[in-house]
Amino acid sequence: MSKIENNKITELVEAAKDGFAKAYAPYSNFHVGAAALTASGNVVKGCNVENASYGLTVCAERNCLAQGVIAGEQEFSAIVIYTNQEKLTPPCGACRQVIAEFLAPDALVKAVNHNNDTKEWTVSELLPDAFTPKDLLER
Ligand code: THU
C-alpha cells in the first residue's frame with residue numbers, strides 16, 4: 001500500500017467529516033463524506049447527493065473525485081470515507097470502478113467513523129483486475 005503522511009491523513013479525515021456534514025440525504029438519511037488527496041498534495045471533498053428520483057443519487061466518493069477533476073486534478077493518491085455508522089462504510093461497486101479510474105491499484109482507501117474506528121484497503125483489494133483506461137489503449 002502506498003504510504004501517506006499522518007498529517008495528510010488527518011487533513012483528509014477532517015475534510016471527509018466536513019463533506020459528511022453537508023450531505024444531502026433526505027431519503028436514506030445515510031450521510032456520507034469523502035475526501036481525496038490529489039497528486040499535487042491538495043485535498044478535495046464530496047458528499048452524497050440524493051434525488052427524489054432515487055436512482056439519480058450520487059455517492060460521496062464519486063462527487064469527491066469529480067470535484068478534483070473540476071479543480072484540474074486527475075490523479076489521486078488516497079481517498080477517505082467518513083460516516084457515523086458503527087459498521088464502517090466501504091465504497092459501493094460503482095464507486096470502486098470510479099476510484100480505480102483515478103487512483104493507482106496500491107493507493108489507500110480508508111473508512112473512518114464517528115468513533116474513530118478505521119478500516120483500510122488498497123484499490124486493488126476492493127476491485128481486483130479492474131477495467132481501467134489502460135484496457136482501452138489498443139482501441
Ligand atoms: N453512499 C455513498 O455516498 N457512498 C458509499 O460508499 C455507500 C453509499 C450513499 C448513497 C446513498 O445516498 C446513501 O449512501 C445510502 O445508500
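Both counts, for ligands and for their atoms, begin at 1 and track the order of listing.
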Would Ser40 and Glu73 count as a side chain to side chain contact (heavy atoms under 4.5 Å, CB included) here? Give the steps. CA-CA 8 Å; Ser40 53; Glu73 307 260 15; 2.7 Å; yes
Considering the heavy atoms of [X], write down every atom of ligand 1 situated less than 4.0 Å from one of them.
{"X": "Ser28", "answer": "13 (C), 15 (C)"}
{"X": "Pro90", "answer": "6 (O)"}
{"X": "Pro91", "answer": "6 (O)"}
{"X": "Glu61", "answer": "2 (C), 3 (O), 4 (N), 5 (C), 6 (O)"}

Can you find an N or O of [X] that's nearer than 3.5 Å to an N or O of ligand 1?
{"X": "Val32", "result": "no"}
{"X": "Thr57", "result": "no"}
{"X": "Glu50", "result": "yes"}

At what distance is the nearest protein heavy atom to [atom], and which residue and atom is it?
{"atom": "atom 14 (O) of ligand 1", "answer": "Phe30 CD2, 3.3 Å"}
{"atom": "atom 9 (C) of ligand 1", "answer": "Asn48 ND2, 3.5 Å"}
{"atom": "atom 8 (C) of ligand 1", "answer": "Cys59 SG, 4.0 Å"}
{"atom": "atom 7 (C) of ligand 1", "answer": "Thr89 CG2, 4.1 Å"}
{"atom": "atom 3 (O) of ligand 1", "answer": "Ala60 N, 2.9 Å"}

Quick check: is [Y] connected to [X] through a chain of hydrophobic side chains (ILVMFWY, heavy atoms under 4.5 Å apart)?
{"X": "Val112", "Y": "Ile81", "result": "no"}
{"X": "Ile9", "Y": "Tyr82", "result": "yes"}
{"X": "Val13", "Y": "Phe20", "result": "yes"}

Check if Cys92 has a non-hydrogen atom at a distance under 4.0 Å from any atom of ligand 1.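 Yes, Cys92 has a heavy atom closer than 4.0 Å to ligand 1.
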Pairing of Lys8 and Glu11 as salt bridge, 4.0 angstrom limit: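 Here Lys8 pairs with Glu11 in a salt bridge, since their nearest N and O are under 4.0 Å apart.
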Looking at Glu120, I'd like to know if its CD atom is crowded, meaning that more than 12 non-hydrogen atoms belonging to other residues, nucleotides or ligands lie closer than 6.0 Å.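 More than 12 within 6.0 Å, yes.
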Considering residues, nucleotides and ligands other than Asp129, do more than 12 of their heavy atoms fall under 6.0 Å from its CG?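 Count not over threshold, so no.
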Can you confirm whether some protein heavy atom lies under 4.0 Å from atom 1 (N) of ligand 1, or whether none does?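 True for atom 1 (N) of ligand 1.
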side-chain contact (heavy atoms from CB on, under 4.5 Å) partner of Leu103, the single match among Leu37, Val98, Ile79, Thr122: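 Looking at Leu37, Val98, Ile79, Thr122, the match for Leu103 under the side-chain contact (heavy atoms from CB on, under 4.5 Å) is Ile79.
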So, does Asn63 use its side chain to make a donor-acceptor pair with the main chain of Ala60 at under 3.5 Å?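 Not a single qualifying donor-acceptor pair exists.
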